[in-house]
Amino acid sequence: MLEKTGDFFSLEKKSAPWLITCIAIALCAPSLWSGLAVDDYWHQVVLQGSSSFSDIFPKSIDIFAFMDGDPARNQRLMDLGISPWWSSADVKIAFWRPLTALTHQIDVLLWSFSPMLMHAQSLFWFGALIIAVGALYKQMLGASVCAGFALLMFGIDDNHGVVVGWLANRNVLLTSTFGVLALLFHIRWRNELSNKDEASSRTFRWNAWIALFFYAVALFSGESGIAITAYLFAFAVTLDRTAMTQRLLSLLPYLLITVIWRVIYNWTGHGTNASAIYIDPVANPLQFASDLVIEGPILFMAQWFPIQSDMFLFSPLAVVIMWWCAALSSIGIIGYLLKPLLRNDATARFWGLGMVISLVPICAAFPMDRLLVFVGIGGMGLLAQLINQYVFTESSAVAKSQLRRKIVLCLCVVHLVLAPLMLPLRSYTFGFVGDWLSSSIDSLDKLPDIDGKTIIVVNAPMIYFSAFISVMRDYEGKSIPAQAYTLAPNEPNGGDLIIKVEDEFTLRVRPTLGFSRIPMTRGRDQLMEVGYTVDLEAMRVEVTELSEAGHPSEALFHFKKKLNDSSHLWLHHQDSAYQIYQLPKVGKSDIVLQGLL
């Protein structure tokens with residue numbers, strides 16, 4: 001059956017890449033109905049020029065600059081509820097993706113009324129990526145069944161679901177498309193270098209310039225574009241037929257472009273700082289190295305096996321340890337599987353080295369399957385070669401390697417059966433998120449008017465979801481609060497929240513699982529001390545107790561007006577909706593359930 005399927009998708013047929021592209025787009029078609037979710041609302045409000053937040057919004061070309069490190073602006077974000085109260089005053093999460101921002105501007109200019117058409121543009125870029133990857137596989141593996149299988153498995157990889165289905169993640173589609181084109185033209189340049197005739201000389205010079213152009217475009221589309229340098233280096237080491245000195249010199253122009261890009265990146269005020277999950281490898285090399293050791297194996301396993309990496313960081317410590325050990329075991333299994341192929345095949349070494357090195361830059365963020373596009377390029381190239389060796393090839397060597405053959409067949413089930421079944425569902429992931437978030441925030445319409453009031457949510461469903469109350473309501477043209485505070489998040493692991501009214505102005509709050517174990521907007525080295533205070537427009541927070549890990553486990557919330565003042569609207573989240581919360585009497589306590597989402 002696999003042989004017949006392989007013949008059908010062989011890249012000997014000119015129609016095969018287009019057919020595979022159509023299949024992949026069809027499997028991701030549910031994303032057309034997924035609407036907007038989380039960061040998408042921020043982008044839309046910025047691009048459409050909301051007057052409510054004009055004092056904090058970045059320029060339209062800077063829609064990925066969420067926090068710029070300015071303490072005054074960061075405090076304003078905390079008062080609006082966009083950032084939690086424990087955020088660092090100097091937190092910076094400001095990504096520079098001007099070309100991707102331009103595609104979102106096109107959305108607003110041409111079809112701001114239709115999220116479906118916005119998603120159609122993302123599907124277009126997904127199709128362009130598959131065509132580009134198909135050209136790469138054909139270049140490296142020939143117009144063969146093996147190349148066709150590699151492209152098919154890449155196109156239907158369910159890890160791409162969120163990449164396609166979340167508008168805010170479109171930058172990855174652009175960076176990977178242009179990055180692959182840069183690699184493709186670089187390979188053509190290096191392969192044609194040995195030709196001495198004038199026409200060929202002109203051709204390879206053009207290929208070099210085109211490769212550099214596409215690499216620059218990839219970087220200006222998003223930081224992840226740098227991952228393609230993993231494959232540029234891998235090609236220089238494994239397949240470039242020129243002298244080693246020339247191979248290394250061929251990489252210097254890319255290094256120069258990277259340095260220029262980074263200088264401009266810093267000069268324009270972009271970058272990350274004081275965040276536990278977005279790490280600047282240049283500014284924090286030791287923390288980045290630590291994350292690489294921990295997260296690299298998790299992402300590797302997510303590429304090869306049907307174990308999603310997204311919840312790794314938010315899991316209990318015991319689960320994290322078992323997960324990481326399982327990831328190390330997966331590396332051993334794949335290493336055992338690939339050992340003969342890597343020993344004998346330079347192309348396999350190219351895919352393998354590129355795949356492993358491309359894991360490095362994506363560990364600057366917390367583990368997410370949507371980061372695995374570059375890793376998947378090498379991974380699917382390797383898997384296709386394994387299928388060719390252990391399924392399609394009849395040889396005595398294969399007969400002696402029945403265990404490896406069985407593992408390959410299991411991987412075929414994962415990537416040719418389970419993946420296409422999961423891809424439609426995962427492409428609608430943020431549709432589910434958006435539907436839940438919209439339903440939750442729409443529940444505010446049933447409550448007293450919040451215009452100009454101070455909303456206090458005692459138990460947010462997740463801290464970074466309640467952050468979108470003001471933004472989403474502004475996008476929908478509804479009234480927004482003057483301030484919106486979330487006292488404690490409902491971490492994915494659940495837990496209870498103990499609230500005690502100390503006096504007419506003060507609450508004591510103790511979440512059983514702490515306020516935030518992995519804060520996005522506070523650095524891991526920025527530990528709070530007992531007595532640490534945060535002064536905001538309508539309240540002051542004082543940390544009164546720390547956990548053994550040094551995170552705040554109890555805090556006093558001192559409000560400038562009485563707790564029962566008419567300007568305050570107390571809410572709690574229950575049954576997927578915001579509801580009025582009745583504070584206990586002075587000196588009394590209450591336990592608020594924080595169940596799972």
Side-chain angles (χ1 to χ4, degrees), residues 1-13 16-21 23-24 27 129-160 176 180 183-184 187 230-231 234-235 238-239 300 303-306 333-356 358 372-395 397-398 401 404-420 423:
M1 181 178 176
L2 281 175
E3 289 88 342
K4 292 180 180 179
T5 304
D7 291 338
F8 188 70
F9 290 110
S10 173
L11 293 195
E12 288 181 331
K13 300 178 180 180
W18 299 100
L19 176 61
I20 293 170
T21 300
I23 292 172
L27 290 172
L129 170 62
I130 296 173
I131 293 298
V133 172
L136 176 65
Y137 284 145
K138 188 174 181 178
Q139 175 77 44
M140 302 305 299
L141 300 171
S144 62
V145 171
C146 183
F149 253 95
L151 183 59
L152 175 63
M153 291 185 294
F154 179 83
I156 63 176
D157 188 347
D158 62 294
N159 287 332
H160 300 161
S176 50
V180 169
L183 175 62
L184 181 63
I187 291 171
Y231 292 93
F235 183 84
T238 61
L239 291 172
F300 180 92
Q303 178 57 58
W304 285 91
F305 298 97
I333 292 170
I334 298 301
Y336 164 77
L337 190 63
L338 290 173
K339 184 177 179 181
L341 183 63
L342 294 174
R343 184 190 305 121
N344 300 315
D345 192 295
T347 301
R349 291 194 291 274
F350 162 71
W351 295 129
L353 186 59
M355 176 189 68
V356 171
S358 67
L372 289 169
V373 174
F374 285 102
V375 179
I377 293 170
M380 296 304 100
L382 280 173
L383 182 53
Q385 288 191 267
L386 287 170
I387 292 172
N388 186 61
Q389 180 175 0
Y390 290 104
V391 178
F392 294 157
T393 303
E394 297 290 340
S395 68
V398 172
S401 305
R404 286 190 173 92
R405 188 174 191 275
K406 290 176 181 178
I407 297 174
V408 170
L409 289 173
C410 289
L411 291 174
C412 286
V413 172
V414 170
H415 293 278
L416 291 170
V417 179
L418 296 181
L423 182 55

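Heavy atoms only: backbone and side chains are in, while hydrogens, waters and symmetry mates are out.
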### Message
Quick one, F149 with Y137, criterion side-chain contact (heavy atoms from CB on, under 4.5 Å). Give me CA distance, side-chain angles, the key distance, then yes/no.
### Response
CA-CA 10 Å; F149 253 95; Y137 284 145; over 6 Å; no
#### Entry: L338 side chain near L386 side chain, heavy-atom distance below 4.5 Å
yes
### Query
Are M355 and F300 close enough that some pair of their side-chain heavy atoms sits under 4.5 Å apart?
yes
Using 0.5 Å steps for rounding, measure from the [atom1] atom of [X] to the [atom2] atom of [Y].
X    : Y    : atom1 : atom2 : result
C146 : L383 : SG    : CG    : 9.5 Å
T347 : M140 : OG1   : CE    : 5.0 Å
N344 : K339 : CG    : NZ    : 11.5 Å
T21  : I131 : OG1   : CD1   : 3.5 Å
L151 : M380 : CG    : CE    : 11.5 Å
I23  : L152 : CD1   : CG    : 6.5 Å

Shortest non-hydrogen contact from [X] to [Y]?
X    : Y    : result
F305 : I333 : CZ-CG2, 4.3 Å
I187 : Q139 : CG2-CG, 3.9 Å
R405 : Y390 : NE-O, 2.9 Å
T238 : A234 : OG1-O, 2.6 Å
Y336 : R404 : O-NE, 2.9 Å
M153 : A384 : CE-N, 3.7 Å

### Query
Which of these passes side chain to side chain contact (heavy atoms under 4.5 Å, CB included) with Y231: L353, I377, L136?
I377
### Query
Does any N or O in the side chain of R349 come within less than 3.5 Å of the main-chain N or O of L239, such that one atom is a donor and the other an acceptor?
no
### Query
Would you say D345's side chain and L341's backbone share a donor-acceptor pair under 3.5 angstrom?
no
### Task
Assess whether side-chain contact (heavy atoms from CB on, under 4.5 Å) is satisfied between F154 and H160, documenting all intermediate values.
CA-CA 9 Å; F154 179 83; H160 300 161; 3.7 Å; yes
#### Entry: side-chain contact (heavy atoms from CB on, under 4.5 Å) assessment of Q385 paired with L141
CA-CA 9 Å; Q385 288 191 267; L141 300 171; 3.9 Å; yes
#### Entry: Results of salt bridge (charged side-chain N to carboxylate O under 4.0 Å, His left out) for D157 - residues two or more places apart only
none
### Task
Please assess L411 against I334 for the test side-chain contact (heavy atoms from CB on, under 4.5 Å), listing each intermediate value before the final yes or no.
CA-CA 10 Å; L411 291 174; I334 298 301; 4.2 Å; yes
